[in-house]
K.L.:
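Quick one: the structure is below, questions incoming.
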Amino acid sequence: MSEETKDTGELAALQAALGAEHAAVYGYGVVGGLIGDARRSEARAAYDAHRARRDELARAVRALGGTPVAAAAGYALPFPVPDSDAAVRLAAELEERVAGVYSDLVRAAEGERRRTGAEALREAAVRAVRWRGGSVPFPGLAERAAAASAAPTAQP
């Protein structure tokens, strides 16, 4: 793979991760408004972590000569969020989506950016487990796990 192709793929993965972080920051605004007091500090910590990752990604995009994607004015939520229980489900969903995007960044990047992407993937996966109360076999790869489990098995 040429250096230019690698940089283009890495830049695209960084932009996708940045977009996911914008969406997560927005989503945690919703979560924070509805989450119960018992988990409010956890939501605030996740919000702050996503803001920090967002800013880090914007710097990385600029370092590769790109213009960071801007946040949208609003984002469609994956389901209605009328109460604290739904806010917890939304937080778990946000983390799983972010983990998926970071898995793409890990695949596209090398060196320090790959390490940073893997760290962000791990953090998102851990937060998803905390919110959901359980884990998935391959965080960020749910669509691949679903496809594999739906594949027919050979009979002897």
Side-chain angles (χ1 to χ4, degrees), residues 1-33 35 39-79 81 87-149 151:
M1 178 183 317
S2 73
E3 188 67 26
E4 184 175 324
T5 302
K6 180 188 75 72
D7 285 349
T8 302
E10 188 172 353
L11 180 58
L14 285 167
Q15 292 280 34
L18 177 56
E21 289 293 7
H22 284 313
V25 168
Y26 177 89
Y28 270 104
V30 174
V31 169
I35 198 79
R39 300 195 79 180
R40 190 170 311 274
S41 64
E42 186 178 356
R44 179 62 186 193
Y47 174 78
D48 290 343
H50 286 291
R51 287 181 61 203
R53 288 281 181 199
R54 177 199 64 194
D55 296 346
E56 182 181 331
L57 287 163
R59 285 189 297 274
V61 166
R62 282 191 289 278
L64 284 179
T67 300
V69 295
Y75 293 86
L77 299 177
F79 49 82
V81 185
V88 169
R89 288 193 313 277
L90 176 59
E93 179 74 19
L94 292 170
E95 296 300 346
E96 288 175 2
R97 289 179 179 200
V98 167
V101 175
Y102 276 115
S103 70
D104 293 338
L105 178 59
V106 169
R107 185 176 55 240
E110 294 180 357
E112 183 63 23
R113 284 197 187 100
R114 184 176 202 171
R115 186 193 64 73
T116 300
E119 180 180 286
L121 168 58
R122 180 189 57 79
E123 289 172 3
V126 167
R127 281 192 298 266
V129 167
R130 286 184 183 142
W131 286 115
R132 196 166 302 285
S135 65
V136 296
F138 297 101
L141 301 177
E143 69 283 354
R144 292 181 182 112
S149 66

K.L.:
Atom CZ of Arg114 and atom CZ of Arg107: how far apart are they, to the nearest 0.5 Å?
P.N.:
10.0 Å
K.L.:
Identify the two heavy atoms, one from Gly29 and one from Tyr47, that lie closest to each other, and give their separation to 0.1 Å.
P.N.:
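The pair with the smallest heavy-atom distance is N-CD1, 4.5 Å.
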K.L.:
Search all heavy atoms of Ala108 against all heavy atoms of Gly9 and return the closest pair with its distance.
P.N.:
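Looks like CB-O, 3.8 Å.
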K.L.:
Side chains of Glu21 and Asp55: closer than 4.5 Å at any heavy-atom pair?
P.N.:
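Not touching, per the 4.5 Å side-chain cut-off.
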K.L.:
Between Ala124 and Val98, which heavy-atom pair has the shortest distance, and what is it?
P.N.:
CB-CG1, 4.1 Å
K.L.:
Work out which heavy atom in Leu105 is nearest to a heavy atom in Ala17; give both atom names and the distance.
P.N.:
CD2-CB, 4.5 Å
K.L.:
Would you check if the side chain of Arg40 reaches a backbone N or O of Ile35 as a donor-acceptor pair within less than 3.5 Å?
P.N.:
yes
K.L.:
Could you list the residues that satisfy side-chain contact (heavy atoms from CB on, under 4.5 Å) with Leu94, not counting sequence neighbours?
P.N.:
Tyr28, Val31, Leu90
K.L.:
Applying salt bridge (charged side-chain N to carboxylate O under 4.0 Å, His left out), can you list everything that pairs with Glu95, at least two apart in sequence or on another chain?
P.N.:
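With sequence neighbours excluded, Glu95 shows a salt bridge (charged side-chain N to carboxylate O under 4.0 Å, His left out) to Arg127, given in chain and number order.
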K.L.:
Do Leu64 and Arg113 touch side chain to side chain, with heavy atoms closer than 4.5 Å?
P.N.:
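Yes, their side chains come closer than 4.5 Å.
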K.L.:
Sequence neighbours excluded, which residues qualify as side-chain contact (heavy atoms from CB on, under 4.5 Å) partners of Gln15?
P.N.:
Leu11, Leu18, Val61, Val69
K.L.:
Under the side chain to side chain donor-acceptor pair (under 3.5 Å) rule, collect the residues that match up with Arg122, sequence neighbours excluded.
P.N.:
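Arg122 satisfies side chain to side chain donor-acceptor pair (under 3.5 Å) with no residue once adjacent residues are dropped.
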K.L.:
Could you list the residues that satisfy ring-ring contact (aromatic ring centres under 6.0 Å, His included) with Tyr26, not counting sequence neighbours?
P.N.:
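In terms of ring-ring contact (aromatic ring centres under 6.0 Å, His included), with neighbours along the sequence ignored, Tyr26 is linked to Tyr75.
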K.L.:
For Ala92 and Arg132, which heavy atoms make the closest approach, and how far apart are they?
P.N.:
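Here Ala92 and Arg132 meet closest at CB-NH2, 3.5 Å.
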K.L.:
Evaluate whether atom CZ of Arg130 has more than 12 neighbouring non-hydrogen atoms of other residues, nucleotides or ligands under 6.0 angstrom away.
P.N.:
no
K.L.:
Enumerate the residue pairs fulfilling side chain to side chain donor-acceptor pair (under 3.5 Å) with a member in residues 59-70, sequence neighbours excluded, ordered by first and then second residue.
P.N.:
none
K.L.:
Identify the heavy atoms of Glu93 and Pro78 that sit nearest to each other, and give their distance.
P.N.:
CG-CG, 3.9 Å
